[in-house]
Undergrad: 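Got a structure here, written out as structure tokens. Questions coming.
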Amino acid sequence: MKKIIISAALFSITTMSVRAQDFHYTHFYQSPFTLNPALTGVFTGDIRVINNYRSQWSSVTKFPYQTETFSVDGGLFRAKMKNDDYFSGGFSFNNDKAGASKLTTNLYNGAFSFTKNLSKRITNSITVGFMAGYGMRNVNFSGLSWDNQYQNGAYDPSLPSGEPSNGGISKNYMDYSAGLLWNFSASEMVRLKIGAGALHLNRPDIGFEHTDKLYSKYVVHGLADIKLGKTTNVSMQPAFEVALQGPTTLINIGTNFKYVLQDRSKYTGVYNEVAIAFGGWYRVGDAAMFTCRFDYGQFALGMSYDANLSDLTVASSGRGGFEFLFIYTGIFKNGTTIKVSKSRI
């Protein structure tokens, strides 16, 4: 009976992955290209490099789902812009591999944004962003077994599968997205970023042998940095994400608590900022997530773990997935960064 239940749970995982279609990160607030194109270039620095990696369901199958995103973004023509307005550009590469069929999606994105400053006294700006991507999907049948390969109750991989292709099939497509972002801070105590994105606007056909259009995805998200006192080094960083994609809804909510161990030298730059952060998050109806992050100067390392709380716990025993994060933020010495973003988030 237990084998039947686990098989049903495994089938549910596969079904869910097909219906949801888009992968997601626990560190969603540090994966700008998969959240909102308007986040391109909106950070304090001249260049930003982010690498996200996620592995899940290793407790359920010997073929865990693995996702990785690499992105680079930064400002363009900042020194020539007036009124603290600026353009930004960036590039990202997503690789997602799922299950025994090695269903693989590679997506190359190029993003462009423009930020309009609304105030000379405080941080108050609006950013509009656009993204275009080229996707490649393929599936490998060599690792799968089929009914036709069972003879007298025994599996014989040398028998023909009877499927259209014994090797694999692929599909290429174009993908377009857009978004808006409001970046606001009236003081050093509270800083906000609130945005909305519309991904897969053209609903690309990702089907192999039959039409299967990807649902458009609509995202609303927010992130804050709230100092818990004028003289304290502790700040709270709550965030949320609500994503609607066809019949599925994804809701992430939670907060980090950040403690600055050492402030960066304001004028000499001799000392780097050193900080640690820990957080608790909840993906509604799915998982409890725990995150940690360590910042040292221009570098940051993060990790998270998902504890599965859904009906799939019968197969996963509550074990979800690990996620790792690396960030490098470069600041050039030409002074162009000063007029970009005064936000810590």
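Both backbone and side-chain heavy atoms feed into the values below; hydrogens, waters and symmetry mates do not.
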Undergrad: Can you run down the salt bridge (charged side-chain N to carboxylate O under 4.0 Å, His left out) pairs that involve residues 23-42, sequence neighbours left out, and say none if there aren't any?
TA: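 Qualifying pairs: none.
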Undergrad: Apart from L244 itself, which Ile, Leu, Val, Met, Phe, Trp or Tyr residues share its cluster (side-chain heavy atoms under 4.5 Å, direct or through members)?
TA: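 The other cluster members (ILVMFWY side chains, heavy atoms under 4.5 Å, direct or chained): none.
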Undergrad: Can you give me every donor-acceptor pair (side chain of residues 124-132, partner residue at least two apart or in another chain, under 3.5 Å) with its distance?
TA:
unit_1: N124; atom_1: OD1; unit_2: W182; atom_2: NE1; d: 2.8
unit_1: T127; atom_1: OG1; unit_2: T115; atom_2: OG1; d: 2.7

Undergrad: Listed by chain and number, what are the side chain to side chain contact (heavy atoms under 4.5 Å, CB included) partners of F326, not counting sequence neighbours?
TA: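 With neighbours one apart ignored, the set is N51, F299, L301, Y328.
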Undergrad: Mind checking side-chain hydrogen bond (donor to acceptor under 3.5 Å, both in side chains) for D73 and listing every partner two or more places apart, or none if nothing turns up?
TA: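 R48.
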Undergrad: Should N138 and I169 be marked as a side-chain contact (heavy atoms from CB on, under 4.5 Å) after you check the CA-CA gap, both sets of side-chain angles, and the distance that decides it?
TA: CA-CA 6 Å; N138 64 79; I169 52 179; over 6 Å; no
Undergrad: Is it true that K171 and D205 make a salt bridge, defined as a side-chain N closer than 4.0 Å to a carboxylate O?
TA: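 Looking at D205 together with K171, the answer is yes, because their closest N to O distance falls below 4.0 Å.
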Undergrad: Looking only at side chains, do N95 and N106 share a donor and an acceptor under 3.5 Å apart?
TA: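 Yes.
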Undergrad: Hydrogens and angles aside, do H27 and N52 bring a side-chain donor and acceptor to less than 3.5 Å of each other?
TA: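 Absent: no donor and acceptor within the cut-off.
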Undergrad: For Y176, check ring pair (Phe, Tyr, Trp, His ring centres under 6.0 Å) against everything at least two apart and list the hits.
TA: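 With sequence neighbours excluded, Y176 shows a ring pair (Phe, Tyr, Trp, His ring centres under 6.0 Å) to no residue whatsoever.
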Undergrad: In terms of side-chain heavy atoms, does T69 have a donor or acceptor partner in Y53 at a distance below 3.5 Å?
TA: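 The criterion, which ignores hydrogens and geometry beyond distance, is not satisfied for Y53 and T69.
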Undergrad: Considering residues at least two apart in sequence or located in another chain, which fulfil the side-chain hydrogen bond (donor to acceptor under 3.5 Å, both in side chains) criterion with Q298?
TA: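 If we apply the side-chain hydrogen bond (donor to acceptor under 3.5 Å, both in side chains) test to Q298, skipping adjacent residues, there are no hits.
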Undergrad: Would a line drawn from the ring center of Y305 to the ring center of F322 be shorter than 6.0 Å?
TA: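 Under 6.0 Å, so yes.
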Undergrad: Which residue pairs satisfy the salt bridge (charged side-chain N to carboxylate O under 4.0 Å, His left out) criterion with at least one member in residues 239-254, sequence neighbours excluded?
TA: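 Counting only pairs at least two positions apart or across chains, no salt bridge (charged side-chain N to carboxylate O under 4.0 Å, His left out) contact touches residues 239-254.
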Undergrad: side-chain hydrogen bond (donor to acceptor under 3.5 Å, both in side chains) with N233: which residues, sequence neighbours excluded?
TA: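 Result, side-chain hydrogen bond (donor to acceptor under 3.5 Å, both in side chains) vs N233: none returned.
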Undergrad: State yes or no: are the ring centers of W281 and F240 separated by less than 6.0 Å?
TA: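 Judged by ring-centre distance (under 6.0 Å), W281 and F240 do not meet the cut-off.
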Undergrad: Side-chain contact test, heavy atoms from C-beta onward, threshold under 4.5 Å: evaluate it for K217 versus T248 and give yes or no.
TA: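 Answer no - side chains too far apart.
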Undergrad: Keeping to residues at least two apart or across chains, list the ring-ring contact (aromatic ring centres under 6.0 Å, His included) pairs with something in residues 104-126.
TA: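 ring-ring contact (aromatic ring centres under 6.0 Å, His included) check on residues 104-126 returns F87-F112, F87-F114, F93-Y108.
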Undergrad: Got a salt bridge between K258 and E273, using NZ or NE/NH1/NH2 to carboxylate O under 4.0 Å?
TA: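 Result for this pair is yes, salt bridge flagged.
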Undergrad: Partners of H200 by side-chain hydrogen bond (donor to acceptor under 3.5 Å, both in side chains), sequence neighbours excluded?
TA: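 Partners of H200 under the side-chain hydrogen bond (donor to acceptor under 3.5 Å, both in side chains) test: D22, D175.
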Undergrad: With sequence neighbours excluded, what pairs up with R283 under the salt bridge (charged side-chain N to carboxylate O under 4.0 Å, His left out) test?
TA: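 Per chain and number, R283 pairs via salt bridge (charged side-chain N to carboxylate O under 4.0 Å, His left out) with D286, D306.
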Undergrad: Is F91 atom CZ crowded by more than 12 heavy atoms from other residues, nucleotides or ligands, each under 6.0 Å away?
TA: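 Count over threshold, so yes.
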